[in-house]
Structures are given as C-alpha cells and as structure tokens.
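Heads up: the structure comes next, in structure tokens.
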Amino acid sequence: MMNDNKNKVDHRSITLTTLSPIHIGCDEDYVPTNFVIEDDLLHYLDTAVLVDVLNDKQRRELGACHTLDVIQRFFKSNRKVLAPLASHIVGVASEIAQAYENRAGQSDNENQFQIARTAYHPIDFSPYLPGSSLKGSIRTAWLDALNSGKPLQQMAEKSKETNHALQQRLLEYTAGKFENDPLRHLHISDAHHEEEPAPTHILYVISKKKRPSEHNTSKLPVILETIPGMLTDAFTGEIRIHLKDKNTLTWQQLCKACNDFYLPQLQAELDHVHLAGILDTQWKEAIKDLLNNELHELGKNCQGFLLRVGRHSGAESVTLNGVRDIKILGKKGSPLTFRSETTEKRFASESKQATGGLLPFGWLWVESCQDEYQYLSIAVRDKLRPYTDTLRDAQRERLEQVEQARTTWLAAIRAGEQKRMEEEEALRREEEVAKAKEAELASMSENMRQIALLRDEIDKRLAMGRKINVSDQFYGGTIKKLALHALENPDWSIEEKNELAAMLEDRAGKLMNLDAKDLRKQLKLATLRGQA
C-alpha cells in the first residue's frame, strides 16, 4: 500500500511458508539440565520448579551430582516425574530419542546431547523468523543483482577488493556513511505466528559430498532444532520500503532479485546429478511441482519470492555469483584451496547414517499477493495442506498428551496436598484433644485423675475389640487394685467413690468376660457406693 505523501512508503503484509527445515541460531542450547526425552518428545523444564516437586531424597541426589553425565543420568531416571512439568515440548527424530535412551548419562558420551535451539519467543517458546535474517538474505540477492556476475575488482595495491569495499561500490555509499546505504530504506519486521505456533522438530545435520569419489569424513553428529518445511502460512510479517528517490529498491525489483538469485540454486539442488537422488522423494516432487506451476506464476508476477535463511544454507547462498571464492579445508596438513562452490552439502536427516530421505536447509517462500493472483496462492496452500495438517495434527496430539499427563500429575499433587492437609488437621485436632485432656487432668484431684487415666486405658482395650478374663493382669493388677484402694483409703470422698463405681460398671462391664452381677460382687461396687 502506498502512502501519498512526501516520502512514499510501500507497506506490505507478508506471509511466509517454510519449504524445508529452517534453523536460525539464537546462541542457546537445550542442555541436560533443562530437558528429558520420552516417547520421541523433548520436554523442556523450568528448573526453578524442581525445588517444589522433588522429594528430600531426590534433592539430596541432585545436590550430589557434580558432573554433566551424572546430572543427565539423574534427570533421565526421574523423567516420569519431570516430563509433566515441561513448559513446552519439541518433537524428536526417533533415532535421536533412541540414542538418548541408550547413551544419555554415560561418561563417554562426548556431547551429552547438547541441542542448538532455533530463535524463539521467551514468553511462550514459539519459534519466529528474525527480520534481520530475512533482510540479510534479501541483501545478498540484491547485491548479486547489482553485481551481475562480475568478478571482484583489482585494487591499486594489486589485491582484490574486500567484501566491504564491494558492497560500498555496488550500493554506492562510502565507508562510515551507512545512512546512504539504499537498503536502509528497506524495513522487515520479525515474522511471527498469527494463530497457532509453528511446531519445531529436532533432527540430525549430516554432510554429503557432491561427488561420489570424495569420501564423507566421520564427524561428531550435530543435533539441532528446526522449524519443519512444508508449513503453509507459518508466519506473518510486514515489509516497508521508503521510496526516497528513483534509485530506491522497489518491491518488484526485490522479488526479481531474490527469485533470480535463489531459484537457480534450489533447482540445482533438485536436479543435482548425485545429491538429488538422496533427497526425500515426496518432498522433491512436491517442490518441483510448485516451482513449475504456482510459485513460478506468482514469482513471475512479483507476488512473492524465494529466500534461503538460517544455518546450513550453504556458502553458495550467502556469496555472490562471479565473486564466490569459498575456502575448502582439505586433509590435515594439506594447503587450503578456494573454489567457486563447496565440495559438500549439509542436510536435515532423521537418521545419522541416512542414505536417503534428506532435506536441504533454509528454503522459504515469502508472499504478498494481490487479489487477482489469490487463486494461485490458494492453490499453493491446497497442495501444501496435507503436509501442514500432518505436522500440526501431530503437534496438537503431542500437546494433548502432555496436557493429559500434566492434568494427571496436578491431580496427584492436589490429592497429595489434600491428604497432607487432612493429616495435619487430624494431628492438630489430636494435639488439641491431648492438651485439653492434659488441662482437664491437671484440674482434677489425684483420685479423680486416677479414675480418668484408668477409663482411658480401658477405652484403648475396648477399641481393640477383645474382652479379657479375670486372670488377666490388667484386671487383677490395675482395675481390681484401684477399686480396693478406693475402699480402703480414707482419702477417697463419697463423690470420688461413686464416680469410680459408675465408670467400672460401665467400662469394665464391657471389657470383662464376666457376668455383670459377678463383676459388681468382685469389685464390691455396692460398697463403693455406700450401699452395703
């Protein structure tokens, strides 16, 4: 949309569709102290909650973990407790999940499953595409368009011009005068999800030589988090171009420059004599179909453009045609060589030793489509919808499973908390009863206190549900002894004797295997009451 004022602005909303896995680094990793892997899912943990959920024994165990392998072993062994606490989850390639199962926590595990994270929002952990990454890719394409495949110029001191000098020459600004860089008039926002966050997926990065004669060298496996390809309209953003003068980059020029630079690279990957054969067949055919039809028409009519962003996009995608001079590392001890293309490519893979089913990194379709071309945009969405729905349905299912696990865990926590509160309340009531009893006993005379204590002892035995015989020590040595003491001791008042007689007839009558008449006779209850 154009703003009709002194400084016109071409302001466009854009949608971004991932065509292949994308990883844009954020200098952060998933490390053994903040995740566990279970059921092909990485559960990211907020370590601050561990204090609340671990029991005393587990806290002591964690406190005794002083090395990375021991820490990882602790987390792995307690993952059933920890997984429901995850603040977010990420799908993991099955082979990586199995490797975690087999090797996590072993002392000889060299990288201990350190996993590079893709750029994300710290509030909800959803991935996004930084505007700086998008603009950097556009800048490369625009510089290539301006250069038109020409080699670097020779400087006066017989050396070739530097990258900075090349950019200053092509963009016609002088060193230190960045305000004159015409690309300063191009503003690209960060691209975010509009409704549902894009899922992410953790997989291997593997290298493959471009020529079969060149053997692949053995390297430590690289594992990273990616935004999957084939996610239609995964992100939205905006582009603003301030149209200062006639030399300013326009939307149409931007589309043409990006498509002219990146489209041949994507087509070359799809048709590579050796590497094309190890690409995922379904993905390759789907992308070829789009490039030959809808994306071709949309690109030709400046409704969108290809970009390649993020890590492992390849040196060819970040260097200009004609000036490309890529440093090639040979065998140890051999001199460096420079070529116009790399000797190998890096791919996203579900398997460390994959010989097929590979995907290139970084391909992205950026679109701002006018009404008359919407039918093409809709056709792209329709073709990608099965892939997108599969990815999003899997993510929803994972989230649902985790939510169910969290609900179960929370219910168990609440039940445990309720039980703890009930036990504390029962203990509190018992303490109150004991204190009241203690106060009551303290207020009694010595004789009344003996009656109360005997009543309590009899009640304890009654609670056990078993009666006793007259031969029982408790009857002869305690019950009968107190009754005789009350009869013979002048310190007992009539009131106290009556209280004792009433208690014994009631309580002892229930406890003894003895006829009530015999009980009254043996304990001389009538005499205690002054009736004899």
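Position 1 is the first residue of the sequence, and the numbers go up from there.
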Check whether more than 12 heavy atoms from other residues, nucleotides or ligands sit under 6.0 Å from atom CG of D27, and answer yes or no.
no

Heavy-atom side-chain contact between P130 and V309 under 4.5 Å
no

So C369 and L298, do their side chains get closer than 4.5 Å, heavy atoms only?
yes

Could you check whether any side-chain N or O of K76 sits under 3.5 Å from a backbone N or O of E101, counting only pairs where one atom can act as donor and the other as acceptor?
yes

Measure the shortest side-chain to side-chain distance between L384 and L290 over non-hydrogen atoms and say whether it is less than 4.5 angstrom.
yes

Would you say the side-chain atoms of S377 and R381 include a donor-acceptor pair closer than 3.5 Å?
yes

Donor-acceptor pair, side chain of N34 and main chain of L45, under 3.5 angstrom:
no

Might you work through the side chain to side chain contact (heavy atoms under 4.5 Å, CB included) test for K345 and K208, ending with a clear yes or no?
CA-CA 5 Å; K345 295 286 290 184; K208 293 291 183 180; 5.6 Å; no

Spacing of F35 atom CZ and S87 atom OG [to the nearest 0.5 Å]:
13.5 Å

Test item: T17 side-chain N/O and D233 main-chain N/O as donor-acceptor pair under 3.5 Å
yes

Any side-chain heavy-atom pair of L320 and Q167 under 4.5 Å
no

Only one of K210, R346, R308 passes salt bridge (Lys or Arg N to Asp or Glu O under 4.0 Å) with E316; say which it is.
K210

Considering all heavy atoms, the nearest L16-G237 contact:
CD1-N, 4.2 Å

Could you grab the distance from atom CD of Q72 to atom CZ of R103, nearest 0.5 Å is fine?
10.5 Å

Least distance between heavy atoms, C26 atom then R117 atom:
SG-O, 3.6 Å

Are the side chains of R79 and H43 in contact, using a 4.5 Å heavy-atom criterion?
no

Heavy-atom distance under 4.5 Å between the side chains of T200 and T226, does that happen here?
no

Considering non-hydrogen atoms only, spot the tightest contact between T118 and E225 and give its length.
N-OE1, 3.1 Å

Without swapping roles, check the side chain of N147 against the backbone of L143 for a donor-acceptor pair under 3.5 Å.
no

Is K80 atom NZ crowded by more than 12 heavy atoms from other residues, nucleotides or ligands, each under 6.0 Å away?
no

Y120 side chain to E28 side chain, donor-acceptor N/O pair below 3.5 angstrom
yes

side-chain hydrogen bond (donor to acceptor under 3.5 Å, both in side chains) with Q303: of Q370, E367, E297, E372, only one passes, and it is Q370

For R392 and Q395, which I'm curious about, is there any donor-acceptor pair between the side chains at under 3.5 Å?
no

Return yes if a side-chain donor-acceptor contact under 3.5 Å exists between D271 and Q267, otherwise no.
no

Measuring from atom NE2 of H242 to atom CG of L249, what distance do you get when rounded to the nearest 0.5 angstrom?
12.5 Å

N259 side chain vs G304 backbone, donor-acceptor pair below 3.5 Å:
yes

Sidechain-backbone polar pair: W142 side chain, Q253 backbone, donor-acceptor under 3.5 Å:
no

Neighbour count above 12 (heavy atom, 6.0 Å) for E194 CD:
no

Show the nearest heavy-atom pair for residues P199 and L391, with the distance to one decimal.
CG-O, 4.3 Å

For F74 against C65, the heavy-atom pair lying closest together
CB-SG, 3.9 Å

Report all side-chain donor-acceptor pairs from residues 351-363 shorter than 3.5 Å, counting only partners two or more places apart or in another chain.
| residue | atom | partner | partner atom | Å |
| --- | --- | --- | --- | --- |
| S351 | OG | E95 | OE1 | 2.9 |
| S351 | OG | Q353 | N | 3.4 |
| W363 | NE1 | E269 | OE1 | 3.1 |

Can you check side chain to side chain contact (heavy atoms under 4.5 Å, CB included) on L171 and R139, steps first, answer last?
CA-CA 10 Å; L171 297 174; R139 185 181 185 89; 3.2 Å; yes

Contacts of D260 meeting salt bridge (charged side-chain N to carboxylate O under 4.0 Å, His left out) (sequence neighbours excluded), chain-then-number -> K256

Are the side chains of Y387 and T232 in contact, using a 4.5 Å heavy-atom criterion?
no

So, does E238 use its side chain to make a donor-acceptor pair with the main chain of S189 at under 3.5 Å?
no

Can L62 and F75 be said to form a side chain to side chain contact (heavy atoms under 4.5 Å, CB included), step by step?
CA-CA 9 Å; L62 182 58; F75 274 70; 4.0 Å; yes

Does a side-chain heavy-atom distance below 4.5 Å link L186 with L254?
yes

Taking the basic N atoms (NZ, or NE/NH1/NH2) and the acidic carboxylate oxygens, is any pair closer than 4.0 Å for R396 and D393?
yes

Any idea which heavy atoms bring P127 and F235 closest together, and the distance?
O-CE2, 3.3 Å

Give a yes or no answer on whether the side chain of W251 reaches the backbone of C302 with a donor-acceptor pair at less than 3.5 Å.
yes

Tell me whether the rings of Y30 and H88 are parallel (<30°), tilted (30 to 60°) or perpendicular (>60°).
tilted

How many angstroms lie between CD1 in I24 and CG in L224, if you round to the nearest 0.5 Å?
12.0 Å

For V92 and I115, run side chain to side chain contact (heavy atoms under 4.5 Å, CB included): C-alpha distance rounded to whole Å, both residues' side-chain angles, the deciding distance at 0.1 Å, then the answer.
CA-CA 11 Å; V92 180; I115 302 168; over 6 Å; no

Without swapping roles, check the side chain of S126 against the backbone of H121 for a donor-acceptor pair under 3.5 Å.
no

Could you grab the distance from atom CG of L270 to atom CD1 of I287, nearest 0.5 Å is fine?
7.5 Å

If you measure from CG on D280 to OG on S20, what distance do you get to the nearest 0.5 Å?
11.5 Å

